[in-house]
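Given the structure is predicted, the values throughout are model-derived calculations rather than measurements. Heavy atoms only: backbone and side chains are in, while hydrogens, waters and symmetry mates are out.
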Number of protein chains: 2
Amino acid sequence: MASDHDTDRRAARVTAPSTATQARDTLRDAILRGEYLPGERLVEAQLCERLEASRFNVRAALQDLAAEGLVEVQRNRGAHVRKVSMAEAVEITEVRMVVEGLIAARAAERVEPDQATELDEIGVLMRRAVEAGEYRRYSDLNVRLHALIRQIAEHRTADRIVETLRGQLVRHQYMLSLLPGRPQTSLPQHERIIAAIRDHDPKAAEGAMREHIASVIEALRGMDHFGPA
Amino acid sequence: MASDHDTDRRAARVTAPSTATQARDTLRDAILRGEYLPGERLVEAQLCERLEASRFNVRAALQDLAAEGLVEVQRNRGAHVRKVSMAEAVEITEVRMVVEGLIAARAAERVEPDQATELDEIGVLMRRAVEAGEYRRYSDLNVRLHALIRQIAEHRTADRIVETLRGQLVRHQYMLSLLPGRPQTSLPQHERIIAAIRDHDPKAAEGAMREHIASVIEALRGMDHFGPA
DNA sequence: GCGCCGATGATTGTTGACAATCCTGTGAGC
DNA sequence: GCTCACAGGATTGTCAACAATCATCGGCGC
């Protein structure tokens, strides 16, 4: 997580990525892209082959991912991909709501003119994507928007937490994006967030972001009644 | 972190604490009580004696604490107690502000009559402690108040995060409590938080909590000018 | 005297083997 | 047929030794 951004400072000393780190990142990607399903057992010996790493490093990777909340290890029983219940997903998103609210507020305080321009551009592209029915593209833009806001805010502590939380519910989030009518709901919310940040209005930015994520929580709660997976 | 509370569910299966877990908890306590100073190097061999554990388990403990943000490990260079700058301390407290705000709001939604009574009791004791100049006692009550609120809220995700963040700045928090005039400032804030939760007013509870922690941030920023240590 | 370079000790990274534990399937007893 | 106990295999937990790397210090040339 933090190590993803380690390169930006002290670029001189590159310190080889270390096998354990590589194994960790590879495994994280695999879980996040759904190659291992929630609840699935992660056998160390198998991971050794898959990741081309020694058991020692596999173990270290599993321990790290456990700390991130992606896997769960039980003594003498091995590691499983963590299965987050709908109730947990709601809790996680609640925390994300307030922390991303903080990030949005800070972005509104710090935004520079060229960043504001980029925000507006994303907003325009989003509207076009929705009007054209290109939901996949809209989803990509959504990711890009949130990333840009975090970049503007420069709040490393909040960043780390949001990243961790987001990882824990990729699966749910994927299901969410399939909900019909979601873009029509979220587009105006995104536009309000963009406007507030552009106008240097922290309170409005926080409020808009919270409202946006609150509606995600509502959608999650709605999904619960159909398929709790 | 989570394992501290693991006993509450599935109490039947006790699963021995495991050497690694014990080592981790012991070392965390040692760091938190200041036996190792920020920036101090943690040599594996020394920790083996101190914790009466093998190097294998010491390593696992260090890795865990690194994930918690208490120590920092550099490849081939060993582990140090993490030194959090004042800027980071402010960031961390900002996140704590919004997450504890969420917790307070939820506590206001869920509080039961007997819990409300306990809150009020703590409020009374706090006022008495301040009036009597018993600041150490006031500080203990402060901890108890925040813990009770979290217990009422029952928000495990938020709990975990707050606990992690709090651990990262025990040192700063300790310095804070020494600031003269702090109790006079924080007492009315605490009383407002208690009143809002007791009255089932989530918005007011969140606002009061945020205001309270915002003033902690101000105090932190003020400290910066004296001893950045 | 000053700075560079290589040896030396200290410390961490990694491995493979062994021990402890759990899960599975088989068979005896009821 | 069903339950229980008990191997046997699979998987994880732990260790001690070895390899790689880093920090320190002394010597050499300038």
Going by the rule salt bridge (charged side-chain N to carboxylate O under 4.0 Å, His left out), which residues pair with A/E109 if we only count those two or more places apart in sequence or in a different chain? none
Whole-Å gap separating P (C/dT14) and CG (A/L51):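 These atoms are roughly 15 Å apart.
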Using a 4.0 Å heavy-atom cut-off to protein, can you give one letter per nucleotide of nucleotides 8-14 of chain D, 5' to 3': B if the base is in contact, S if only the sugar-phosphate is, - if neither? ---SBBB
Which salt bridge (charged side-chain N to carboxylate O under 4.0 Å, His left out) pairs, counting each pair once, include a residue from residues 145-155 of chain A, with sequence neighbours left out?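 For residues 145-155 of chain A, and leaving out neighbouring residues, the salt bridge (charged side-chain N to carboxylate O under 4.0 Å, His left out) pairs sorted by first residue read A/R110-A/E154, A/R150-A/D159, A/R150-A/E163.
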Looking at B/R41 and B/E72, is there a salt bridge between them, counting it only when a charged N and a carboxylate O are closer than 4.0 Å? no
Taking the inter-plane angle between the rings of A/H190 and A/H146 on a 0 to 90° scale, is it parallel (under 30°), tilted (30 to 60°) or perpendicular (over 60°)? perpendicular
Show the numbers, then the answer: is there a side-chain contact (heavy atoms from CB on, under 4.5 Å) between A/S215 and A/R182? CA-CA 10 Å; A/S215 92; A/R182 203 81 245 301; 2.7 Å; yes
